[in-house]
Student: 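First, the structure itself, so that you have it in front of you.
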Amino acid sequence: MEPSLSPIKSLRGHTDVVQEVLFSKKNNKLNVISTSNDKTVRIWDTETGKQEHSLEGHASQTYGLAVSMDGRRIVSGAQDGNIIIWDADTKEIIRCLSHHTNWVICIRFSSDENKLASSSCDGTLKILDVETWELVFNIDDHQDDVWTVAYSPNRTKIASGSLDQTVRIWSATTGKQQTQPLSHDAAVRSIVWSPDSRRLISACNDGQIYFWSAPTGAQLGSPLHAHSGVINLLAISPDGELIASASNDHTARLWSTSTRKPFGRVLQHANMVYTVAFSPDGQLVATGGTENTIFLWDISQESTIMMNVESPSFFSPVSNITSYINQSSSSDSLSDSSASTPYALPETFIPRGAAASPRPSFPDEGSSHHQIATASASSPVLASPRRSFWKRLPMFNTRSAASVDSKQWKFPRIGSIMKRKHRDTEPDDP
């Protein structure tokens, strides 16, 4: 049995799935910002655990989220492809952007906050100028939904991850592809950069975490078998020493980036975990998912737990979190029947939250066609617009203006097709 940590607070108010959470510090006050299927963006006080504000302006479920370093601007993306920029002081809408045509999954500022990157289920990655909100680059080289995007801390590169099972690295100045695509064995859900901008860490539907050299595109060692279910999101601590992973297997986990071993106790949930974030000082972690609740965890006293990382036990008790929630609200009930057994990866992946509401859905492994998310009779079915058959063929794929020199990377590598098991390790990178 794995030891599990108890949350220190639960933030309640969302009426549907929590999609993303981020910490924001303004005037020495620490807040949590969240998006949700209930179409709102909410601001929470971490000291009291109370909701401070609910930003209502989206016409559809909210998903992608970014917050400026000074905490004065909040950017949220939604199911209808719209992005709203909010004034965090006045709670008013500064600008509404409609560059995307489908779910805006991920939004990230550059470290100097002069640029904003967004990725979407419309298969594109867009870079915006924050001063004018004009489109700088429109990159559509991925062959499927673009699920994640991240600026390198030194602002020279942009990385994007897609359901086409690749991560691609772009020049932040020209928008041109810098290396061959980084091939994975499953759809890529999340990526983070190391603080020195030399490493990329990616997470996939197969429950594995991959490590890469950003300058060369070489894979660094074997993937970390981190979860028994889909990994929905990665976060990296401010000092770069820890990564956190949120998974459909009902857990969030902490890992040492130097040893790639578990750090501290498992953050056990009663249902799927979609999002995870570190506080600016790295002492707190926030998580959220299908429990419609945000949990705060104090990891300041956690230490590395030595265990078999290749085959970790997933028989994690949920008693700690269940008892905590019962104390907080007797009206909330959690089922722990499924949490006491391992979670096998399904043959066909059901996207996070699909059972609760219409969501972008994922194709079967090896299929190039989108599936329609199953919805209840009371909810309309959201059909992701199918990308052109010709666009999926490399020789007919229309390249973006920002990637005129990326022709050589248009054709899938033999290694990707064969799903090779061994990749070169960069000699200079331990």
Side-chain angles (χ1 to χ4, degrees), residues 17-23 33-37 41 58 60-68 73-85 97 99-111 113 115-128 130 135-142 144-153 157-170 172 182 184 187-193 200-205 230-236 243-246 273-278 288-289 351-353 359-360 362 384:
V17 172
V18 176
Q19 290 292 356
E20 188 160 4
V21 295
L22 289 175
F23 284 92
I33 318 293
S34 59
T35 56
S36 168
N37 284 4
V41 179
H58 283 286
S60 59
Q61 300 168 13
T62 56
Y63 203 130
L65 181 65
V67 182
S68 62
R73 282 180 297 185
I74 300 170
V75 185
S76 55
Q79 171 189 352
D80 58 11
N82 287 334
I83 295 174
I84 292 181
I85 297 94
L97 308 174
H99 296 295
H100 289 289
T101 60
N102 207 336
W103 286 88
V104 179
I105 301 296
C106 185
I107 305 172
R108 294 293 182 263
F109 279 107
S110 59
S111 59
E113 299 189 344
K115 298 292 189 295
L116 185 78
S118 60
S119 63
S120 169
C121 285
D122 64 12
T124 68
L125 166 67
K126 298 185 189 292
I127 310 300
L128 302 172
V130 171
L135 188 63
V136 179
F137 299 125
N138 178 31
I139 301 173
D140 67 348
D141 288 41
H142 279 291
D144 213 323
D145 300 357
V146 185
W147 206 257
T148 179
V149 63
Y151 263 95
S152 64
K157 295 182 176 68
I158 305 165
S160 57
S162 169
L163 302 192
D164 67 8
Q165 303 186 11
T166 69
V167 166
R168 303 184 187 222
I169 302 175
W170 317 87
L182 312 184
H184 296 66
V188 180
R189 296 298 300 274
S190 186
I191 48 179
V192 293
W193 288 87
L200 263 177
I201 305 171
S202 56
C204 294
N205 281 358
V230 172
I231 299 176
N232 291 308
L233 198 70
L234 289 179
I236 190 164
I243 53 174
S245 53
V273 190
Y274 290 171
T275 180
V276 62
F278 285 97
R352 60 186 193 181
R359 294 293 313 280
F362 299 92
S384 297

Student: Looking at V149 and R108, what are the two nearest heavy atoms and their distance?
Tutor: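 What the structure gives for the nearest pair is O-CG, 3.2 Å.
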
Student: Is any side-chain heavy atom of L135 closer than 4.5 Å to one of K126?
Tutor: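 Yes, at least one pair of side-chain atoms sits under 4.5 Å.
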
Student: Tell me which one of T124, V167, L125 satisfies side-chain contact (heavy atoms from CB on, under 4.5 Å) with S160.
Tutor: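 So the option named by the test is L125.
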
Student: So, for H142 and S162, which heavy atoms are closest and what is the spacing to 0.1 Å?
Tutor: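 Heavy atoms only, the tightest pair is ND1-CB, 3.2 Å.
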
Student: Any heavy-atom pair between the side chains of Y274 and V18 that's under 4.5 Å?
Tutor: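 They are not in contact (no side-chain heavy atoms under 4.5 Å apart), so the answer is no.
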
Student: How long is the straight-line distance from CG of L128 back to CG of L97, given to the nearest 0.5 Å?
Tutor: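 Output value for this atom pair is 6.0 Å.
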
Student: Should I74 and V41 count as side-chain neighbours, where that means a heavy-atom distance under 4.5 Å?
Tutor: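 Of all side-chain heavy-atom pairs linking V41 with I74, at least one is under 4.5 Å.
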
Student: To the nearest 0.5 Å, what is the distance between CG (L65) and OG1 (T275)?
Tutor: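 If we round to the nearest 0.5 Å, L65:CG and T275:OG1 are 8.0 Å apart.
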
Student: Check whether any side-chain heavy atom of R189 sits under 4.5 Å from a side-chain heavy atom of I231, and report yes or no.
Tutor: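 Sidechains of I231 and R189: no contact.
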
Student: Can you confirm whether Q19 sits close enough to N37 that some side-chain heavy atom of one is under 4.5 Å from a side-chain heavy atom of the other?
Tutor: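 In contact.
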
Student: Taking all non-hydrogen atoms of both residues into account, name the closest pair between V188 and S202 and its distance.
Tutor: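 Nearest heavy atoms, V188 then S202: CG1-CB, 4.3 Å.
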
Student: What distance do S119 atom OG and I158 atom CD1 have between them, rounded to the nearest 0.5 Å?
Tutor: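 Going from OG on S119 over to CD1 on I158, the span is 11.5 Å.
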
Student: Would you name the heavy atoms of W193 and S152 that are closest together and state the gap between them?
Tutor: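 Taking every non-hydrogen atom into account, NE1-N, 3.5 Å.
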
Student: Output, in order, the C-alpha distance, side-chain angles, deciding distance and verdict of side-chain contact (heavy atoms from CB on, under 4.5 Å) for I105 and V146.
Tutor: CA-CA 8 Å; I105 301 296; V146 185; over 6 Å; no

Student: Have S118 and H100 got a donor and an acceptor in their side chains that come within less than 3.5 Å?
Tutor: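 Judged by distance alone, the side chains do pair up.
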
Student: Using modelled atom types and a 3.5 Å cut-off, is there a donor and acceptor pairing between side-chain atoms of T62 and backbone atoms of A78?
Tutor: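 A pair under 3.5 Å: no.
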
Student: Compute whether any side-chain donor of one residue and acceptor of the other, for H184 and T166, lie under 3.5 angstrom apart.
Tutor: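 Result is no, nothing qualifies.
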
Student: Distance from T148 atom OG1 to L233 atom CG, nearest 0.5 Å?
Tutor: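 One gets 7.5 Å once the value is rounded to the nearest 0.5 Å.
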
Student: State, yes or no, whether a side-chain contact exists between I139 and W170 at a heavy-atom distance under 4.5 Å.
Tutor: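 SC-SC contact between I139 and W170 confirmed.
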
Student: Heavy atoms, side chains only, cut-off 4.5 Å: are Y151 and K157 in contact?
Tutor: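 They are not in side-chain contact.
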
Student: Looking at N102, L163, T101, which one forms a side-chain contact (heavy atoms from CB on, under 4.5 Å) with C121?
Tutor: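 Looking at N102, L163, T101, the match for C121 under the side-chain contact (heavy atoms from CB on, under 4.5 Å) is N102.
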
Student: Which distance, rounded to the nearest 0.5 Å, do you find between the CD1 of I243 and the OG of S190?
Tutor: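 Between I243 CD1 and S190 OG, I get 10.0 Å after rounding to 0.5 Å.
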
Student: Is the side chain of T35 donor-acceptor paired with the backbone N or O of G64 at a distance under 3.5 Å, no angle test?
Tutor: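 The answer is no, because no donor-acceptor pair under 3.5 Å joins these two groups.
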
Student: Say you draw a straight line from NE2 of H58 to CG of D80; how long is it, rounded to the nearest 0.5 Å?
Tutor: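 CG of D80 is found 8.0 Å from NE2 of H58.
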
Student: Which atom names give the shortest non-hydrogen contact between A172 and F137, and what distance separates them?
Tutor: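 Scanning both residues, the minimum pair turns out to be O-CE1, 3.5 Å.
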
Student: Answer whether the closest heavy-atom distance between the side chains of I201 and L234 falls below 4.5 Å.
Tutor: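 I201 vs L234: side chains touch.
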
Student: Could you walk me through whether V75 and F109 pass the side-chain contact (heavy atoms from CB on, under 4.5 Å) test, one step at a time?
Tutor: CA-CA 9 Å; V75 185; F109 279 107; 3.7 Å; yes

Student: Can you tell me if N232 uses its side chain to pair, donor with acceptor, with the backbone of V273 under 3.5 Å?
Tutor: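 Indeed, once roles are kept as given, a pair shorter than 3.5 Å links the two residues.
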
Student: Locate the shortest heavy-atom distance separating V21 from S34; write the atom from each residue and the value.
Tutor: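 In terms of heavy atoms, the two residues are closest at CG1-CB, 3.9 Å.
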
